Amino acid sequence: MTVASTFATSRRSHLCGELREEHVGETVRLGGWVHRTRSLGSIVFLDLRDRAGLIQAACDPRFSPADVIAAADRLGAETVVEVDGVVARRPAEMVNKDMGTGTIELQVTALRIVGPAVTPAIPVARGKDEKLAAEELRLKHRILDLRRPELQANMILRHRLLQVARHAMSSHGFLEIETPILTKTTPEGARDYLVPSRVHPGEFYALPQSPQIYKQLLMVAGYDRYFQIARCFRDEDLRADRQPEFTQIDLECAFVTQEDVQAVVERVLVALWKEAGHDIAIPFQRLSWSTSMERFGIDKPDLRYGFELENWTAHVQGDAATFVHDGITVGGLLRGIRVPGGAALSRKDIDALAATAKSNGLGGLLWAKRTETGWEGQGAKAFGAGTMEKIGGVIGDLIVAGVGADSVALPAMGQVRLELTRRPEHAPATAHAFCWIVDFPLFELDAASGEHTPSHHPFTSPHPDDVHKLESVPWECRAMHYDAVYNGNELGSGSIRITDPAVQETIFRLLKVPAEEIQRRFGFLLDGLAAGAPPHGGFALGFDRIAMLLAGSTSLRDVIAFPKTTAARALFEGAPSPVSARELAALNIAVSIKEQS
């Protein structure tokens with residue numbers, strides 16, 4: 001009985017990697033890329049590859065014509081061929097348990113070269129111990145890199161996750177609505193990519209950093225529940241987990257509280273993780289921003305580990321060193337981490353932790369080990385016996401601590417904690433740790449300008465209990481802003497939005513946006529809110545990051561088909577690139593390039 005394939009066409013009957021023992025005895029036609037060849041005298045074996053996987057194709061005088069064997073023997077890697085043959089069981093001693101098709105092979109009766117290939121610039125087939133080519137080289141030859149089975153598995157997973165997200169959103173009554181890509185420049189926390197208008201000289205569109213204002217206006221327009229697999233663009237300095245263009249699962253809903261929005265996001269995340277083979281429990285733990293900073297020194301804590309920060313200021317006794325007392329006298333606090341079994345760390349390991357603390361602004365890291373004879377180390381001397389007795393601990397403990405203002409000490413010690421979690425001997429207590437971070441500050445101080453800026457964006461509603469502080473002490477206001485965090489990674493952010501035009505104008509004024517600028521840039525939003533706006537809120541999940549985490553990768557570039565480098569360059573297609581004077585003239589643009597100092 002013939003087993004039909006979804007992928008059958010007039011030129012092939014199956015995918016290489018989907019054949020199994022139930023196909024034994026069938027005559028099939030396959031098309032794929034030559035992964036590798038092995039010549040054993042009169043017999044030639046081909047590993048033939050397509051997106052579904054590999055199959056061994058045997059060219060043997062017992063069933064293959066002489067011209068087929070000769071052609072197979074000359075094939076180079078990555079040549080595209082079509083082969084006809086019969087599916088047969090492999091002899092028991094030739095079974096390959098590492099291949100999905102490892103119990104069968106194709107006995108080739110015909111072979112056609114349909115896509116000759118030059119010698120590949122980078123290898124697609126790799127041995128278990130063979131290293132990947134350098135990333136820059138792989139990005140330059142991205143087509144070959146995308147053929148790697150690992151990347152193809154990532155792209156297939158990405159596709160599956162997108163379909164699950166769409167189904168999950170639709171099943172909860174959300175409508176998929178596209179918003180403009182060519183839009184108006186608005187503040188979203190990064191620089192806009194600008195697109196000149198040919199028909200309106202001197203004017204520019206902006207590529208959206210997010211669909212933020214449009215999705216709010218859709219709520220005003222009565223659509224109640226919106227979602228979009230949205231492409232977003234941000235001109236900012238890049239990191240391994242950032243790209244200038246990226247994908248969000250974007251959603252907005254009306255007549256909701258932040259708990260309603262969080263419940264929807266949790267259900268979407270449950271569906272995504274289940275598709276990747278993981279069952280997770282809801283609801284997620286909720287932590288206030290201040291609690292997260294106090295306990296972990298960071299607003300995206302990895303809850304799989306302990307090593308929580310402790311406030312030991314009250315433990316400081318009179319025998320502590322002068323610099324410890326002085327640091328506390330000027331408003332600093334003593335923040336420390338207790339590391340069970342940490343006394344086994346070498347001096348080199350501790351010096352590395354100290355370097356992390358210093359690179360994050362802390363003056364130094366104090367440390368002490370509890371041995372059978374008592375506390376040892378420079379921290380024990382600095383704190384004195386009275387303080388160490390108050391801190392307590394058992395034999396084998398290590399403590400690390402720093403004195404300073406919370407604005408410095410908390411994030412610095414948070415980074416020390418992160419380094420501790422990365423040590424191989426510190427296994428996580430669980431595989432999946434989700435949480436919500438809530439009650440963020442509405443504003444944060446920008447170190448460069450000295451001005452207060454929105455912690456999220458200027459459309460985030462102040463906490464109802466703090467609205468009265470807007471005019472007097474706005475930096476003390478909490479925001480109706482919430483982040484979803486997984487294993488120390490921010491999955492996305494959301495907020496309840498401002499629906500009162502007067503409050504929205506107050507926020508703009510606090511941000512020192514001139515009145516005429518408010519109307520010019522945000523008049524359409526304020527007009528929309530004045531037309532009758534329901535209470536609403538939303539969220540945006542960083543889909544690329546989710547795909548990266550579920551694929552077990554450490555770089556976004558492993559789950560994006562054609563990514564940019566950290567310098568925002570597309571090496572394969574050569575973008576960005578200069579354009580001709582004629583094209584610039586049509587856009588009424590002249591280019592002036594400043595010399596780099």
Side-chain angles (χ1 to χ4, degrees), residues 5 7 11-133 137-138 141 143-153 156:
S5 169
F7 298 92
R11 297 191 67 138
R12 71 176 177 195
S13 61
H14 298 80
L15 292 183
C16 302
E18 70 175 336
L19 294 174
R20 293 296 185 269
E21 287 199 44
E22 61 262 32
H23 297 93
V24 168
E26 289 187 26
T27 298
V28 300
R29 174 172 291 175
L30 306 178
W33 286 258
V34 175
H35 195 64
R36 56 169 63 92
T37 63
R38 302 181 302 283
S39 181
L40 305 177
S42 61
I43 302 174
V44 178
F45 290 101
L46 311 176
D47 283 346
L48 198 61
R49 185 193 72 243
D50 58 23
R51 79 180 219 195
L54 299 167
I55 190 169
Q56 177 174 281
C59 300
D60 187 307
R62 291 176 296 169
F63 40 77
S64 305
D67 62 329
V68 167
I69 297 172
D73 199 30
R74 295 192 298 269
L75 287 174
E78 300 309 306
T79 298
V80 184
V81 297
E82 293 176 346
V83 294
D84 299 341
V86 177
V87 181
R89 284 188 180 86
R90 291 199 200 189
E93 66 275 12
M94 295 182 64
V95 168
N96 185 342
K97 295 180 180 179
D98 294 330
M99 290 175 63
T101 60
T103 61
I104 59 173
E105 67 179 10
L106 184 69
Q107 296 179 342
V108 179
T109 57
L111 182 151
R112 295 170 297 284
I113 297 174
V114 295
V118 298
T119 301
I122 58 173
V124 176
R126 289 186 303 122
K128 289 183 179 179
D129 299 323
E130 188 177 345
K131 291 184 178 180
L132 282 171
L137 192 60
R138 287 186 284 116
H141 301 283
I143 289 296
L144 293 173
D145 196 37
L146 281 170
R147 290 180 186 173
R148 284 194 292 123
E150 306 96 306
L151 283 196
Q152 294 209 333
I156 292 169

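Nothing here was measured: the structure is a model prediction, and the numbers come from that model.
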Any non-hydrogen side-chain atom of Asn96 less than 4.5 Å from a side-chain atom of Arg90? yes
So do Thr101 and Arg20 actually touch side chain to side chain, heavy atoms under 4.5 Å? yes
Atom of Ser39, atom of Val44 and distance for their closest heavy-atom approach: OG-CG2, 4.1 Å
Ionic contact status for Glu150 with Arg148, cut-off 4.0 Å: yes
Is any side-chain heavy atom of Leu75 closer than 4.5 Å to a side-chain heavy atom of Leu111? yes
Does atom CZ of Arg38 have more than 12 heavy-atom neighbours, drawn from other residues, nucleotides or ligands, at distances under 6.0 Å? yes
Do His23 and Ile104 have side-chain heavy atoms sitting under 4.5 Å apart? no
Checking Arg12, Glu18, His14 against Ser5 for side chain to side chain donor-acceptor pair (under 3.5 Å), the one that qualifies is Glu18
Can you tell me how far CH2 of Trp33 sits from CG of Asp50, rounded to the nearest 0.5 angstrom? 7.5 Å
Please determine if Arg49 and Glu78 form a salt bridge, counting it only when a charged side-chain N lies under 4.0 Å from a carboxylate O. yes
In short, Ala117 meets Ala77 closest at the heavy-atom pair CB-O, 4.1 Å
Which heavy atom of Val68 sits nearest a heavy atom of Cys59, and at what distance? CG1-SG, 4.1 Å
Gap separating the CZ atom of Arg51 from the CD1 atom of Ile156, nearest 0.5 angstrom: 5.5 Å
For the CG atom of Asp73 and the OG1 atom of Thr37, what is their distance to the nearest 0.5 Å? 7.5 Å
Rounded distance [0.5 Å steps], CD1 in Ile122 versus CZ in Arg147: 10.0 Å
How about Leu151 and Arg138: do any of their side-chain heavy atoms sit closer than 4.5 Å? no
For Leu144 against Ala121, the heavy-atom pair lying closest together: CD1-N, 3.6 Å
Min side-chain heavy-atom separation Arg112-Asp84 under 4.5 Å: yes
Over all heavy atoms of both residues, which pair between Ala58 and Phe63 is shortest? Give the atoms and the distance, please. O-CE1, 3.2 Å
Quick one: pull up CG in Leu46 and CG in Leu54 and give me the separation to the nearest 0.5 Å. 11.5 Å
Trace of the side chain to side chain contact (heavy atoms under 4.5 Å, CB included) decision for Ile113 with Arg74: CA-CA 11 Å; Ile113 297 174; Arg74 295 192 298 269; over 6 Å; no
Separation of Thr109 OG1 from Asp60 CG (nearest 0.5 Å): 12.5 Å
Heavy-atom nearest pair, Cys16 first then Gly53, reads CB-O, 3.9 Å
Does any N or O in the side chain of Ser64 come within less than 3.5 Å of the main-chain N or O of Val108, such that one atom is a donor and the other an acceptor? yes
Kindly indicate whether the side chain of Ile43, heavy atoms from C-beta on, has any atom under 4.5 Å from the side chain of Pro61. yes
Check whether any side-chain heavy atom of Leu30 sits under 4.5 Å from a side-chain heavy atom of Leu19, and report yes or no. yes
Is it true that Arg89 and Glu21 have a side-chain N and a carboxylate O under 4.0 angstrom from each other? yes
